[in-house]
Q: 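Pasting in a structure now, in structure tokens, and then I'll have a few things to ask.
We number each residue from 1, following the sequence as shown. We use all heavy atoms of the structure for the numbers below, so side chains are in, but hydrogens, waters and symmetry mates are not.
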Amino acid sequence: MRFYNSLTRSKEDFEPLEPGHVRMYTCGPTVYNFAHIGNFRAYTFEDVLRRVVSANGCRVTQVMNLTDVDDKTIRGAAAAGVPLKAFTAPFVAAFFEDLKTLNVQAAEVYPAATDHVPEMLELVRRLFDRGLAYRSEDGSVYFSVAKLAEYGKLAHLDRAGLRAGARVAQDEYEKEGYGDFALWKAWDAADGDVVWESPWGRGRPGWHLECSAMAMKYLGETFDLHTGGIDNLFPHHENEIAQAEGATGKPFVKVWLHCAHLRVNGEKMSKSLGNFYTLRDLVAKGWSGREIRYVLINGHYRQPLNFTFDALDAARASLARVDGCVDALTACAGGAAPEAAPAWAEAARRDFAEALGDDLNVPEGLAALFALVREANGALARGELAPGAAAGVLRVFDELDAVLGVVRFGRTAAEGALPPEVAALAEARAAARAARDWAGADRLRGELAALGWEARDTKEGQKVRKL
């Protein structure tokens with residue numbers, strides 16, 4: 001496996017710190033609203049990463065945090081007039097439902113920030129001990145960026161531009177606003193009942209502190225992979241590094257991976273432009289999670305992804321091609337035990353593995369998938385596949401799908417295989433066409449139609465679908 005490391009800005013061969021075990025942290029949602037499709041671009045990229053690591057024989061321990069205390073959640077709870085936990089709980093539940101809709105594999109741990117304040121307080125204490133934290137006049141605690149020699153190494157900041165003593169109190173800010181950032185925020189009236197006791201006074205943790213503390217609790221002081229959207233690289237991930245390495249003196253993360261932004265119809269997604277969509281909005285418009293997932297993963301993660309309804313149409317058509325091929329192979333296999341797959345199937349398997357192993361090149365991986373579809377349809381149309389070989393090709397499809405998560409997902413057993421009578425007629429018709437028995441093929445097409453099924457002849461071979 002080779003990944004592009006945002007820290008070094010280069011593609012590197014990847015070897016886990018512990019042989020056979022990859023520890024991975026992914027920045028999860030801030031649960032003040034329903035997650036939108038830009039968020040899910042990141043979560044599906046991270047899911048493909050997890051699946052690729054697993055396909056390469058490694059056990060994965062993944063931690064995805066739930067940010068349930070920050071500026072946004074506190075404002076939302078106050079506006080709703082409910083306690084913080086009561087405000088965030090529905091959005092947490094919706095997030096897990098959305099992950100299932102998109103066939104995103106579950107992480108091993110989903111720590112909520114509000115459940116880990118003691119670990120955050122301990123991290124702040126360690127930073128005080130190392131001279132990197134200080135208390136301000138209002139009782140808040142800040143990280144002194146000028147005192148950490150390597151601050152800015154992830155974002156490649158010009159340290160000459162660091163403004164010693166300048167403070168940034170808000171959780172999120174632009175690169176131009178860099179300065180000392182809040183580790184612990186002193187309570188004020190806007191926080192309401194969101195408050196914890198600390199050695200430095202009553203208050204709450206800063207957003208950046210949360211991820212450093214939870215990542216190290218579950219993955220150790222140094223771990224393999226940290227992922228997120230490119231918008232999190234600075235300040236959030238830079239500050240995570242500062243807090244963790246400032247406290248431990250050890251490297252925090254071996255490889256950082258960041259995905260690019262999602263755009264809608266070529267524009268930045270925003271409510272004012274009317275192009276802001278949650279996953280639920282798209283499902284309500286009639287698109288399946290399977291189709292949405294296909295669009296979200298169908299691009300290189302480091303390149304901006306342009307999300308359009310035309311892309312959803314194309315996804316539906318592409319998945320129908322895959323379904324037709326898988327159905328025909330299933331009918332041909334007829335329950336036979338898998339045998340060695342033909343050379344063209346092994347070539348597709350190899351090309352797919354090479355593509356995904358090279359910094360998660362999903363577009364090239366999908367090209368391998370559709371090469372497999374094309375060759376399989378051709379072999380079926382020519383009557384070249386014995387049942388065991390067809391089962392072997394299906395096994396290759398399943399290996400590719402273990403990474404893509406779109407071939408079998410969303411199809412019931414009944415949808416994934418033709419009824420026996422239909423399968424027999426389809427196979428007979430394919431054989432008739434291979435023997436150039438056009439009259440027989442037409443007769444069998446009519447029998448399929450009488451059962452409610454359509455046989456279509458394409459350049460990839462015969463396809464059968466329910467009318």
Q: Given the rule in the side chain to side chain contact (heavy atoms under 4.5 Å, CB included) test, do Val295 and Trp287 qualify, once you have shown the distances and angles that lead to the verdict?
A: CA-CA 11 Å; Val295 173; Trp287 303 103; over 6 Å; no
Q: Rounded to the nearest 0.5 Å, what separates atom CG in Asn232 from atom NE2 in His237?
A: 4.5 Å
Q: Has the side chain of Thr222 got a donor or acceptor atom that lies under 3.5 Å from a matching backbone atom of Pro251?
A: yes
Q: Say you draw a straight line from OG of Ser212 to CD of Glu119; how long is it, rounded to the nearest 0.5 Å?
A: 13.0 Å
Q: If you count every heavy atom of other residues, nucleotides or ligands that lies below 6.0 Å from Lys147 atom NZ, does the total exceed 12?
A: no
Q: Is there a donor-acceptor pair closer than 3.5 Å between any side-chain N or O of His300 and the backbone N or O of Asp359?
A: yes
Q: To the nearest 0.5 Å, how far apart are OG in Ser6 and CD1 in Ile230?
A: 5.5 Å
Q: How close do Tyr43 and Cys27 get, heavy atom to heavy atom, and via which atoms?
A: CE2-O, 3.5 Å
Q: If you define the side chain from C-beta out and look only at heavy atoms, does anything of Gln62 sit under 4.5 Å from Gln105?
A: no
Q: The test is side chain to side chain contact (heavy atoms under 4.5 Å, CB included); show your working for Thr114 and Trp196 and say whether it passes.
A: CA-CA 10 Å; Thr114 52; Trp196 288 265; 4.0 Å; yes
Q: Which atoms form the tightest heavy-atom contact between Arg290 and Val407, and what is the distance?
A: NH2-O, 3.1 Å
Q: Return the orientation label for the Phe45 and Tyr301 ring planes: parallel under 30°, perpendicular over 60°, tilted otherwise.
A: parallel
Q: Should the heavy atoms of other residues, nucleotides or ligands under 6.0 Å from OH of Tyr32 be counted, would the total exceed 12?
A: no
Q: Is there a donor-acceptor contact under 3.5 Å from the side chain of Asp224 to the main chain of Leu17?
A: yes
Q: Would you say Arg202's side chain and Trp187's backbone share a donor-acceptor pair under 3.5 angstrom?
A: no
Q: Between Asp47 and Arg51, does any NZ, NE, NH1 or NH2 come within less than 4.0 Å of an OD or OE carboxylate oxygen?
A: yes
Q: May I ask you to decide if Asn103's main-chain N or O and Arg293's side chain share a donor-acceptor pair within less than 3.5 Å?
A: yes
Q: Before you tell me yes or no, could you show the steps for Arg59 and Glu108 under salt bridge (charged side-chain N to carboxylate O under 4.0 Å, His left out), namely the whole-Å CA-CA distance, both residues' side-chain angles and the distance that decides it to 0.1 Å?
A: CA-CA 11 Å; Arg59 175 171 65 91; Glu108 281 62 38; over 6 Å; no
Q: Take atom CD in Glu354; do more than 12 heavy atoms of anything else shown fall under 6.0 Å from it?
A: yes
Q: Stepwise, does the side chain to side chain contact (heavy atoms under 4.5 Å, CB included) test hold for Arg408 with Asp398?
A: CA-CA 8 Å; Arg408 301 287 191 180; Asp398 287 338; 2.8 Å; yes
Q: Is there a side-chain contact between Pro111 and Lys217, using heavy atoms and a 4.5 Å cut-off?
A: no
Q: Locate the shortest heavy-atom distance separating Asp351 from Ala368; write the atom from each residue and the value.
A: CB-CB, 4.0 Å
Q: Give the ring-plane orientation class for Phe181 versus Tyr151, where under 30° counts as parallel, over 60° as perpendicular and anything between as tilted.
A: parallel
Q: Should the heavy atoms of other residues, nucleotides or ligands under 6.0 Å from NZ of Lys250 be counted, would the total exceed 12?
A: no
Q: Do Glu97 and Lys100 sit within salt-bridge range, that is, some charged N less than 4.0 Å from a carboxylate O?
A: no
Q: Is the gap between the ring centers of Phe309 and Tyr277 under 6.0 Å?
A: yes
Q: The criterion is side chain to side chain contact (heavy atoms under 4.5 Å, CB included); which residues satisfy it with Asn265, sequence neighbours excluded?
A: Thr308
Q: Side-chain contact test, heavy atoms from C-beta onward, threshold under 4.5 Å: evaluate it for Val253 versus Glu240 and give yes or no.
A: no
Q: How long is the straight-line distance from CG of Leu296 back to CG of Leu305, given to the nearest 0.5 Å?
A: 6.5 Å
Q: Taking Arg41 for its side chain and Ala260 for its backbone only, find out whether a donor-acceptor pair lies under 3.5 Å.
A: yes
Q: Between Phe91 and Phe34, is the ring centre distance below 6.0 Å?
A: yes
Q: Quick check: do Trp256 and Asn5 have side-chain heavy atoms less than 4.5 Å from each other?
A: yes
Q: Going from CZ on Phe87 to CZ on Arg75, what distance comes out if it is rounded to the nearest 0.5 angstrom?
A: 10.0 Å
Q: Partners of Tyr218 by side chain to side chain donor-acceptor pair (under 3.5 Å), sequence neighbours excluded?
A: His116
Q: Glu46 vs Met24, test: side chain to side chain contact (heavy atoms under 4.5 Å, CB included). Steps then yes/no.
A: CA-CA 10 Å; Glu46 290 156 348; Met24 169 180 168; 4.3 Å; yes
Q: Stepwise, does the salt bridge (charged side-chain N to carboxylate O under 4.0 Å, His left out) test hold for Asp191 with Lys185?
A: CA-CA 10 Å; Asp191 292 338; Lys185 296 188 171 188; over 6 Å; no
Q: Quick one: are Val264 and Ile37 in side-chain contact, heavy atoms under 4.5 Å?
A: yes
Q: What do you reckon, are the aromatic ring centroids of Phe40 and Phe307 less than 6.0 Å apart?
A: no
Q: Looking at Asn65 and Cys211, would you say the former's side chain and the latter's main chain have a donor-acceptor pair under 3.5 Å?
A: no
Q: Does the salt bridge (charged side-chain N to carboxylate O under 4.0 Å, His left out) test come out yes or no for Lys285 and Asp281, once each step is laid out?
A: CA-CA 6 Å; Lys285 290 177 181 291; Asp281 293 333; over 6 Å; no
Q: Taking side chain as C-beta onward, heavy atoms only, is Val255 less than 4.5 Å from Leu7?
A: no
Q: Which heavy atom of Val53 sits nearest a heavy atom of Met1, and at what distance?
A: CA-SD, 3.9 Å
Q: Would you say that Asn39 contacts Pro29 through its side chain, given a criterion of any heavy-atom pair below 4.5 Å between the two side chains?
A: no
Q: Look up atom OH in Tyr110 and atom CG in Leu66, then write down how far apart they are to the nearest 0.5 Å.
A: 8.5 Å
Q: For the residue pair Tyr142 and Ala182, what are the closest heavy atoms and their distance?
A: CD2-N, 3.6 Å
Q: Do Asp71 and Arg204 sit within salt-bridge range, that is, some charged N less than 4.0 Å from a carboxylate O?
A: yes
Q: Heavy-atom distance under 4.5 Å between the side chains of Leu262 and His36, does that happen here?
A: no
Q: Okay, side chain of Gln243, backbone of Asn239: is any donor-acceptor separation there less than 3.5 Å?
A: yes
Q: Nearest heavy-atom pair of Glu150 and Glu238: which atoms, and what distance?
A: O-OE2, 4.4 Å
Q: Does the ring center of Phe128 lie less than 6.0 Å from the ring center of Tyr134?
A: no
Q: Compute both the distance and the angle, then confirm whether Lys254 meets the cation-pi test with Phe3: under 6.0 Å from the six-membered ring centre, within 45 degrees of the axis.
A: no
Q: For the side chain to side chain contact (heavy atoms under 4.5 Å, CB included) test, which of Thr67, Thr88, Val69, Asp70 pairs with Val31?
A: Thr88
